[in-house]
Enquirer: 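To start, I am sharing the structure in question, which I have written as structure tokens.
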Amino acid sequence: MAVLPVERKPLSFAERTYMPQIFSGLKTTFKRMIKPAETLEYPEQRPTIPNGYRGVPTLVKDPHGREKCVSCQLCEFVCPPKAIRITPGEIPLESPTGHVEKAPQAFDIDMLRCIYCGLCQEVCPEEAIFLQNQYSMSGYSRAEMVNHKDRLYELGGTLPDKHYKWDKKKSAEDAAAHGGGHH
Amino acid sequence: MFDFFQYPFWLQGALKGLAVIAVIFPLAGACSMAERKISAWMQGRPGPNRATVPWIAWIPVLGPFLQRLGVFHLLADGAKFLFKEEPVPGHVNKLYYVLAPVIALIPALMTIVAVPFGAYLDGAGRVVPLILANVDIGILGVFAISSLGVYSLIIAGWASNSKYPFLGGIRASAQLISYELSMTLSVLPVFLWINVPGGQGTLSLAQCVAMQGGAWFGIWMPLSAFIFLVSLFAETNRQPFDMPESEADLVGGFHTEYGAFKWSMFFVAEYAHMLIGSGVFALLFLGGWNPLPWVSLADLVGWLQHLTGWAFVLHPLAVGLISIGIFLGKVLFLIFVFMWVRWTVPRFRYDQVMQLGWQKLLPLAIGNLILYALIIAWVQTRI
Amino acid sequence: MSAPSQRRLIFQHIDEPGYTNDLACYLKHGGYEVMKRAFARKPEELIDEVKKSGLRGRGGAGFPCGVKWTLVDRKSGKPIYLVVNADESEPGTFKDRYIIHQDPHQMIEGIMISCHANNVKQAYIYIRGEFPGGARILEKAIAEARAANFVGPNILGTNYSCEIYVHRGAGAYICGEETGLIESLEGKRAYPRIKPPYFPAVLGLDQCPTIVNNVETLCHVKHIVGMGGEAYSKIGTPNNTGTRILCVSGQVQRPGYYEYEVGKITMGQLLNEVCGGPLPGRTFKAVIPGGSSAKILRFGERFKGKRKVGAEMVDYDWGVEDVPMDFDSLGMIGTMGGSGGVIVMDDSVNMVEALGNINEFYAHESCGQCTPCREGSLWMKKITGRMVHGEGRSEDGALLKNVADQIAGRTICAFGEACAWPTQSFVLKFGDEFKAYPEAKKNAPADSLKLV
Amino acid sequence: MNLKPETFSRIDEVIPHYPVKRSAALPLLHLVQEDQGYISQEAIEWIAAKLELQPINIYELVTFYPMFRQKPIGRRHIKVCRTLSCALMGGYKACGEFEKQFNTHRGEISPDGEVTIEFVECLASCGTAPVVMIDDDLHEKVDCAKARELSARIKTEAATRQ
Amino acid sequence: MIAPPKPELVTVNIDGREIAVPKGTNIIEAARMVSVDVPHYCYHPKLTVVGNCRMCLVEMGLPAVDPATKAPIMDPATGKQKINWMPRPTIGCATNASPGLHIRTTSPMVKECREGVMEFLLINHPLDCPICDQAGECKLQEQATGYGRGYSRFIEQKNVKPKRTLLGPRVVLDDERCVLCSRCIRFCKEVAKDDVLGFIDRGSYSTLTAYPGKKLENNYSLNTVDICPVGALTSTDFRFKMRVWFLKQTNSIDTESSVGANTVVWSREGVIYRLTPRRNDAVNDTWMADSGRLLYKQVRTDDRLATVQVNGAESGRDIAVNAASERFKQGGVAIVGSGRSSVEEQFLAKKLAAALKAPAYLVSRVGKGDNLLISADRNPNVRGALVTGLIQTLPSAHLTELAASIDAGRIKTVVSLGEDLTAAGLSAAQLAKVSVIYLGTHANPTSAAAKIVFPGLTVFEKNGTFVNQQFRLQKFHKAVPGFTGAIDDLTVLAKLVAAASSSGTAVASEINALWTSLAAEIPALGTVLFKNLPETGLLLDSTPWAGLPYAESATLHYQLAQPALATA
């Protein structure tokens, strides 16, 4: 690697005493002191959350209350700090959402590990996991800092669904069952 | 006029000591509060504003105002320091470890007694300084005692038996020595001037004030004032010279291993040093209790009496309070300057501190002394 | 130029008053004489005659019959089977049905001659399930022939025995494909086989060598052996010898069967003169010349190029009316003679809907074995169906064409081409109609012809 | 398996026509369907056993070939050709007429149980389009008028039978 | 070792690269030899070719020859023989290598064909990868990524077919995912000889199904799941348990019989999720019995031995070894080895027997073979005991000789390597007479009666080798960490050997170190070492044991060698 000597600007006497800089610094701090505060007083005042904010990851349900996650485990796979742990499970056939077949039995996100990167949201093929506006997570123990499935749904709530993929599928199945096939 | 001087000697001493404690401790606490508030304002924050006390908080306007000002944090902090658990790490030398904060406090509080903080006019219209121990050695006493404060740092650093405190202690001692010289040299011209040829030799700070009824020495000898001020920063380990503490590289420096009340004693000592240093600076260069340059306390009182026509203005008590107020105002302003500088100028590197002390300030102080010696000699031989 | 008169070989007696399909009537008209003579000859000679005749298969592909026979594996020692492809299911084709119903013995004679020529001991007539009457007629005819010792053991006193059985299909177009037919005959789903290695001539029915010939082809064999290969080859045009039954259907005045020497009649003569032209008040719009899978021709388009006449190359510039009805000419202009089913459409027809009808047929008939045809045919049906039901987009024509391109040439059997060609040609030639269809659909009169 | 005796004899006759028994699957299915009207699951298993096959082999065929039915149909089976030539000449109209006459829909048994109307693919009589096959009989050039006439005939026959 | 006959080679040219392949190799296999991937669905190397998926379409050309003279036609531009490229693509699976055959797999036409076929396969596919167990090892995913167009033009309604159909007790069918490749049907017909699957309906509505009332329940049904290129057939046992991309694959050997089917163990974080067969053309092709796939469940059971025990009390390993050593010093030791132990364990058992001058026995397990991949001998490694010399003759099911010795009081201590002695015919009274040293994985009456118990490892938790019925030496690898508390059998055995030998010198227990002495002491193994043993195994010379009356009858790649001198 070549060494590139950088010519420094020669300093004037005043500059070498640093005094003008110190005084201009003092001026700055003083001016700043008499201006109103910039800070948000957190618990009373809440920030307005901008779009695309990446808060606590949550699971959401579709407007019909169906859990959207099908435990494909892609988020578990993609999660850089391995904060997500899913135990897949099967939906019984007789259940109203039996046509979806698969849903998580357990879904844990360890918020001590989570780095809020949002990859889980990005990778989710079912649009079931979202980093929403919730930004404060606290607890008294490590165990408390693990969000289980119930808590994740409670945090996530319901989001509008643009696709209704599974509903469409179900209606197609019902139509085929009643229409009696194709011939 | 006061029965005070009729009290037995020991009672006087005890009362004076209590007065010192009663003044210095709250002042130190107020300073810490001010520091947090000022730093917050300078950083665009509101600063501490949470703590509140029920009944006071219910007072309509004042309660919230005091809360926003963070006044109650002071109480909370004090209470916290008192009631917090006092851990003593296992690896320390217990005796010196406990001793260090006490040693820190002693010179800080002791110095106070030699610092005049106001004056009144006696019946003859003479200005009598208010001082707890009007010793003639004055400034020398202040210097002598306050320099002892560094021992506490060294002891704390050594007793902690841990590398950061140790380094902090070393730095403290080196720094103190480095800047003590410049500081002392910088005040010499003032005393050269005070001690007029043929007059009684004195190192009294009160005399110093008395000599500033006209122009302040700060105006007279700006370079001295400057050197003294910079050295004062270094002596009190304030930014940009807080090398012994230096939380970025030494965690907490000498007090890394301290907590709770012991730590608060260091804390109070630091502010006491600041207060004394500011006081001395005010006395030496800012005219002490003289309200303005070329306006002495006596002038002020005279005008007041003349303007208002109230006789009690000339009463020693009133004059004393006015003078204390003026003096305290100057001290507090200087405290503010300390804080202002702290949140403006970044900390020096240690070698820069040494370089500045030995290679810049010391020659400057010597040059300054020689220059003023010549000037004073010239002026005084002329007059 | 007026249309030449018909040259009836197969239909020599059919439609004659009093001609019935029983043996007595057939014998009265000189039936089984050719067979008797043929049985006196060596099989190799008969194959040679057929080769000399230049007879091309009448089932659709036009493969030379004689060549097909020579490809048969005779060394394996396994029995050789002859399967008659009477699974006439190409839309627009209806000649075999007529032959079976009107003159079954002609076909049986042709079969027996072919069997003798190829040393076949067992022949099957695979007849469409939709022809229950035809199957009964054939069974009766075979019983008659068996009784007369034309079929069965020791035929005509020789030590040659051959049986013919009628096998009914059950409604699958794909059985018209020879390997599909063989699979079906084996009692399986009619999944065409991959070639290689399953060429019927080597690995056909039950992995034995098998000859699969169309009904009309076998009838021609009878006439070839009767008149001699040389003489037969003089009929028609070189490389397109013999006569051919043209089945005209759709919107013309007189649809029906017409037998002509191959290549001696043009499309225009056939439609305008023989069939009496378009329906009153209509004009011809398009014609499919060889069954629904052949590529469509649009009236008004012109075909230019060079063709071989004798030894030299001659320029040609034809309209649709000028095209001679033979394999090569139709092939040259990008379509095919196929099975001879000519479907005529006039200006009342919307081509998108016509294609929708055809696509529905192919989607229904795809066997589902290999991917492109299975998925592609249904997709094309879904696209045209969607268009017809009012959800058309202007880009659908291009999409249809592209889907069809993805099918043709990539399937196991020729069904891929069969279902892709109509779409390709419809979009190519009536692209404007496909683009405009979403609009046209909105303005269509309520009583317009329904095709889907 | 409960079949008519002549069906049994025809089954026994047809099996030796083929070098491999399996080939007789289609003829057997035809025979059973003619006998019973449709192919029941029992029939599939019976045929499979008869031909020494697995039932799935026969099931595959029944579902592949559209002519085989797994459910009973009406007494008469009206099959209307819907392929291009017939459609061009009005096949859809003819079918609609039949539906109207019997008050039913394609693929269903009419309410009186008399007919089942179905669309089928090409019946190979395109020259006389549109064509309709009623059971085994082909009817050509079936326009709306003829469709009404045919319907009337079926209804009369049904009435006389009762 | 017997060299296979040299096949006739023909040279073909694939994407410009010449390669000599055995005549009759198809294009897919030939291309694989030059690392060219020809995508396919329906083709499977061990099943008949049907060519219905059309994914393997390639461009084919043959050297031009003059039709009259048969002389090659040269291309003046290149100076080589001209290639006549066929205008239509051809399928790779049904095209066999012939001399001079030229293949292009990357031409625009081939690319377009693949894009077309991929699009067709996907238009009616439900695209429910998130809930599909095949995701991650799905050919549709892989090839759509590799060869697909990347977008869909299909806006119509997809076909609806039955989902979640239980084809049998172990196989679930999702018809919408099926690409109708017919591999499963062919497998059932050709390999399992249980023709229950078929297609019904036709065209795009074709549906895979089992005949109503019939179930796909033969012992090879799960192979259909393995060969299904998509997620149409899934295993009930593995269904929704874990995504395959999390799973680590470890090569292993099936232990249910002496066939020694090659397997892959799929595990994640120490938990095994499934076993699948591994291709070995000389042993199991690509198949495996369903029964063997459940063997992983033995790893985590409640009756696993987890503590070293001495006289019923929990103890430490070295204490137990010392206790055993004490018993050895009293003499009268017998060793019951196992046909389920690895070759290495048998070798150390033999050393132990030699050091103690103790008789060694084995217990046979004979069941009914199914002539496919389960042989009559249900011990995976009886041949290993022969090779290592632990036994000289084939074992019997009952330890009558040992029982007699115990009754006679000659035997005071029995070392059992995982064999349940009560099951092998010893009575409780006989067991009570001796002190049993038991080294095994699971609790049983013998471990309960044993004075000293060493908890051992299952086949999934250790490295080792087996010798199968063909005398093929095959190795298995440690897939998951050992059960908590269990000790590697080799370590225990090595310590016991050291304790038993007069010199007391340490014996290697690490597998590679052990193999140096194995190879040195057993001539049949020649120069083989564990680390250089091929994953598909190595056939040993079986002539020294040719005449023995083995229990096996023929299986997939095994014919019982008739004693050569039987007639002489």
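What's counted below: heavy atoms across the whole structure, side chains too, no hydrogens, waters or symmetry copies. Residue numbering restarts at 1 for every chain, and letters A, B, ... go by the order of the sequence lines.
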Enquirer: Rounded at 0.5 Å granularity, tell me how far CD in A:Glu76 sits from CH2 in E:Trp245.
Expert: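 Interatomic distance, A:Glu76 CD to E:Trp245 CH2, rounded to 0.5 Å: 9.5 Å.
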Enquirer: Evaluate the side-chain proximity of A:Trp166 to E:Ile131: yes if any heavy-atom separation is below 4.5 Å, no if none is.
Expert: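 Yes, side chains in contact.
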Enquirer: In residues 12-40 of chain A, which residues are in contact with chain E at a heavy-atom separation under 4.5 Å?
Expert: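 If one takes a 4.5 Å heavy-atom cut-off, no residue of residues 12-40 of chain A lies near chain E.
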Enquirer: Within a strict 4.5 Å, meaning less than it, do heavy atoms of the E:Glu176 and A:Lys169 side chains meet?
Expert: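 A side-chain contact under 4.5 Å exists here.
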Enquirer: Under 4.5 Å heavy-atom distance to chain E, tell me which part of A:Glu173 shows up: side chain, backbone, both or neither.
Expert: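 Looking at A:Glu173, backbone and side chain both touch chain E.
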Enquirer: For residues A:Cys72 and E:Pro130, report the shortest heavy-atom separation together with the two atoms involved.
Expert: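 Closest approach of A:Cys72 to E:Pro130, heavy atoms only: CB-O, 3.1 Å.
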Enquirer: Checking an interface table here. Which of residues 86-108 of chain A come within a heavy-atom distance under 4.5 Å of chain E?
Expert: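 Within residues 86-108 of chain A, the residues that come under 4.5 Å of chain E (heavy atoms only) are A:Pro88, A:Gly89, A:Glu90, A:Ile91, A:Pro92, A:Leu93, A:Gly98, A:Val100, A:Glu101, A:Lys102.
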Enquirer: So which part of E:Asn159 gets closer than 4.5 Å to some heavy atom of chain A, the side chain, the backbone, both or neither?
Expert: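 Nothing of E:Asn159, per the 4.5 Å heavy-atom cut-off to chain A.
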Enquirer: More than 12 heavy atoms of other residues, nucleotides or ligands under 6.0 Å from CZ of E:Arg300: yes or no?
Expert: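 Counting other residues, nucleotides and ligands, CZ of E:Arg300 stays at 12 neighbours or fewer.
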Enquirer: If you count the non-hydrogen atoms of other residues, nucleotides and ligands that lie under 6.0 Å from CD in A:Glu122, is the total more than 12?
Expert: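 Open.
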Enquirer: Can you confirm whether A:Glu7 is buried at CD, in the sense that more than 12 heavy atoms of other residues, nucleotides or ligands lie under 6.0 Å from that atom?
Expert: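 For A:Glu7, atom CD is not crowded (no more than 12 foreign heavy atoms under 6.0 Å).
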Enquirer: Using only atom types and a distance under 3.5 Å, with no angle test, would you say the side chain of E:Arg243 pairs donor to acceptor with the backbone of A:Leu74?
Expert: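 Not confirmed, E:Arg243 side chain does not pair with A:Leu74 backbone.
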Enquirer: So with a 6.0 Å cut-off around OH of A:Tyr140, is the heavy-atom count from everything else above 12?
Expert: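 Atom OH in A:Tyr140 is not crowded, with 12 or fewer foreign heavy atoms closer than 6.0 Å.
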Enquirer: Below 4.5 Å from any heavy atom of chain A, which atoms of E:Lys241 appear? Answer side chain, backbone, both or neither.
Expert: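 Backbone only.
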